[in-house]
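Here's the structure we're looking at; comments come further down.
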There are 2 protein chains.
Amino acid sequence: MSKCEQCIIRQFNSLKALTKEELVRISGCKTSRIIKKGEVIFEEGDTINGVFCVKDGVCKLSKLSSNGRDQIVKLVVKGDLLGQRSLVGEESANLSAVALNDMEVCFIPKHEIMNDLQKNTKFTLDMLQQMAHDLKESDNVIVDMAQKSVKNRLADVFVYISEHFGVDDQGFLAINLSREDYANIVGTATESAIRIISQFKKEGLISTQGKQIKIENLQKLKRVE
Amino acid sequence: MSKCEQCIIRQFNSLKALTKEELVRISGCKTSRIIKKGEVIFEEGDTINGVFCVKDGVCKLSKLSSNGRDQIVKLVVKGDLLGQRSLVGEESANLSAVALNDMEVCFIPKHEIMNDLQKNTKFTLDMLQQMAHDLKESDNVIVDMAQKSVKNRLADVFVYISEHFGVDDQGFLAINLSREDYANIVGTATESAIRIISQFKKEGLISTQGKQIKIENLQKLKRVE
DNA sequence: ATCAAAACATGACAAAAATCATATTTTAAA
DNA sequence: TTTAAAATATGATTTTTGTCATGTTTTGAT
């Protein structure tokens with residue numbers, strides 16, 4: 001099994017603040033795992049007892065609303081940590097995590113990393129920084145959800161995905177979400193999302209091939225209201 | 001000026017994790033301030049350089065959306081810290097803070113408290129815990145914003161306020177928000193908020209006197225969809 | 001390759017919410 | 001206390017979004 005202290009992924013998250021010795025120790029107790037597309041990593045209410053370090057792939061974090069619909073709150077990508085909140089406090093998971101494509105993750109048990117959280121201030125401060133950033137992002141999402149139209153939000157999602165995940169060799173968005181996933185990100189009915197996608201196609205903002213989406217006019221997409 | 005080490009307010013926030021010595025030092029450099037209703041504490045984009053400890057009163061944290069409307073993201077109350085995020089990272093404020101009634105706050109300069117953040121792990125962990133909690137709350141707000149109707153969200157706000165701020169001796173909600181504030185919390189047009197308030201009155205869920213609101217049927221209010 | 005299930009697409013209609021107009025009431029300043 | 005401004009209220013209308021129905025395409029298992 002590969003070793004944490006040699007893993008370049010940790011450069012992208014708070015684990016970079018750990019010392020070599022700490023990494024060696026964690027390396028010894030972590031478990032690596034392949035997760036297939038569509039597989040559930042954990043569910044709302046589960047007790048997680050550790051963090052996942054995402055080595056490859058993407059997953060969605062979502063929560064079931066009282067109206068029976070799933071709301072996707074965040075996309076977690078290669079380099080991110082998953083389930084940090086399980087480290088602070090004893091609460092169970094507030095969100096469900098489901099793989100959007102094949103993933104490779106490492107799981108680090110809580111009891112191993114809690115030591116570092118209590119002794120390595122650099123690590124704790126880095127986590128604090130990360131959470132502060134996430135909190136800011138969340139606040140911005142709240143504002144967008146409350147104030148922007150569904151059409152605007154969906155356009156934003158396409159822009160966001162193209163900028164954060166890039167495109168494949170044919171120019172299609174590098175991750176493929178279902179129309180239902182798109183609807184669950186912007187918080188609308190699946191039919192509404194499909195309808196807006198059709199409209200965007202007619203207006204030349206995007207094109208599609210099957211479920212794949214290609215951005216044809218990024219500037220116009222950014223100006224959708 | 002009153003002393004932090006004797007102030008009971010700190011029991012409600014992360015400052016409780018500081019030692020007596022740290023508190024004495026902070027007490028020596030903090031400034032106390034009275035803020036009048038409607039006064040701006042800081043604005044989006046401001047550099048804050050410290051945290052406010054709210055000794056009394058309530059303020060709203062809001063952000064101006066691209067459509068020109070203000071979205072209230074959070075209500076900050078007695079006992080809360082305000083502007084924690086300024087402590088981690090150098091970013092300017094993401095939200096504006098405006099007093100909803102007369103307030104009393106203490107301001108602790110960043111450079112004074114940063115020491116503690118780097119040396120007192122208990123304090124840092126407590127802040128981490130607080131942020132983790134805020135993050136969870138934010139995620140829940142996102143879900144509600146995306147999935148619940150305006151009517152449902154407004155009903156939730158009345159329930160939330162009655163449960164977090166209580167009522168005065170005549171039974172009216174203890175904090176008085178304008179109809180516009182209510183609209184800016186749930187993310188709707190002011191007219192829509194007013195219309196729903198009228199409807200709630202007709203249905204006997206609430207009653208009003210001027211801008212004051214009294215909850216008449218909490219159970220029904222909780223069942224609004 | 002075949003076939004059923006899932007995902008995508010679109011029309012018709014209903015419901016929710018925004019917008020614009022216009023009173024009325026309340027509040028705060030002169 | 002008067003009075004103008006701000007906040008509240010409500011009607012009429014339009015726009016946005018959701019729901020239900022139904023057909024088509026795509027996908028994945030056999």
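A, B, ... follow the sequence lines: proteins, then strands. Residue 1 opens every chain.
- Considering Lys201(B), Arg195(B), Glu203(B) in turn, Glu203(B) is the only one that fulfils the side-chain hydrogen bond (donor to acceptor under 3.5 Å, both in side chains) rule with Gln199(B).
- The 12-atom threshold is not exceeded at NZ of Lys220(A), counting heavy atoms of other residues, nucleotides or ligands nearer than 6.0 Å.
- Residue Leu177(B) contributes atom CG, which lies 15 Å from atom C1' of dT8(D) at whole-angstrom precision.
- The CG-C1' distance, from Asn176(A) to dA7(C), rounds to 13 Å in whole Å.
- Ion pairing between a basic and an acidic side chain is recognised when a charged N comes within 4.0 Å of a carboxylate O; Glu180(A) and Lys211(A) show no such pairing.
- With dG18(D), dA9(D), dT10(C) as the candidates, the nucleotide lying closest to the side chain of Ile194(A) is dT10(C).
- At least one side-chain nitrogen or oxygen of Arg69(B) sits closer than 4.0 Å to the OP1 or OP2 atom of dT19(C).
- For the helix from dA1(C)-dT30(D) to dA30(C)-dT1(D), the angle separating the two terminal helix axes comes to 60°, with each axis derived from five pairs and the value rounded to 10°.
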Could you walk me through whether Asp156(B) and Lys148(B) pass the salt bridge (charged side-chain N to carboxylate O under 4.0 Å, His left out) test, one step at a time? CA-CA 10 Å; Asp156(B) 285 350; Lys148(B) 290 184 174 177; 2.9 Å; yes
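- Computed from coordinates, the Asp181(B) CG to dA7(D) P distance equals 9 Å when rounded to whole Å.
- Between Thr190(B) and dT8(D) there is no side-chain N or O to OP1 or OP2 distance below 4.0 Å.
- Every residue two or more places apart in sequence or in another chain was checked for a salt bridge (Lys or Arg N to Asp or Glu O under 4.0 Å) with Lys214(B), and none qualifies.
- Across the protein-nucleic acid pair, Ile206(A) atom CD1 and dC8(C) atom P stand 13 Å apart, rounded to whole Å.
- Ser86(B) places a side-chain N or O within 3.5 Å of a backbone atom of Gly50(B) that can act as its donor or acceptor partner.
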Using a cutoff of under 3.5 Å, can you pull out all pairs of nitrogen or oxygen atoms linking the protein to nucleotides 21-28 of chain C, with atom names and distances?
none

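- Rounded to whole Å, atom C1' of dT17(D) lies 13 Å from atom CG of Leu154(A).
- Under 3.5 Å, the side chains of Asn94(B) and Asn140(A) contain a donor-acceptor pair of N or O atoms.
- The existence of a salt bridge linking Lys63(A) and Asp139(B) is excluded, since no basic side-chain nitrogen approaches an acidic carboxylate oxygen closer than 4.0 Å.
- In this structure Lys55(A) satisfies the salt bridge (Lys or Arg N to Asp or Glu O under 4.0 Å) test together with Glu104(A), sequence neighbours excluded.
- Lys136(A) and Glu91(B) are joined by a salt bridge, as a carboxylate oxygen and a charged side-chain nitrogen come within less than 4.0 angstrom of each other.
- Atoms CG (Asn184(A)) and C1' (dT17(D)) sit 15 Å apart, rounded to a whole Å.
- Across all strands shown, Ser192(A) has heavy atoms under 4.0 Å from base atoms, whether or not it also approaches the sugar-phosphate.
- The CD-P distance, from Glu225(A) to dT17(D), rounds to 13 Å in whole Å.
- With sequence neighbours excluded, the residues satisfying ring pair (Phe, Tyr, Trp, His ring centres under 6.0 Å) with Phe107(A) are Phe52(A).
- Near-neighbour residues of DNA chain D inside residues 144-153 of chain A, defined by a heavy atom below 4.0 Å, number-ordered: Ser149(A), Val150(A).
- Going from atom CD1 of Ile196(B) over to atom C1' of dG11(D) covers 16 Å, rounded to whole Å.
- Checking Asn49(B) against Thr47(B) by side-chain atom types alone, no donor-acceptor pair falls below 3.5 Å.
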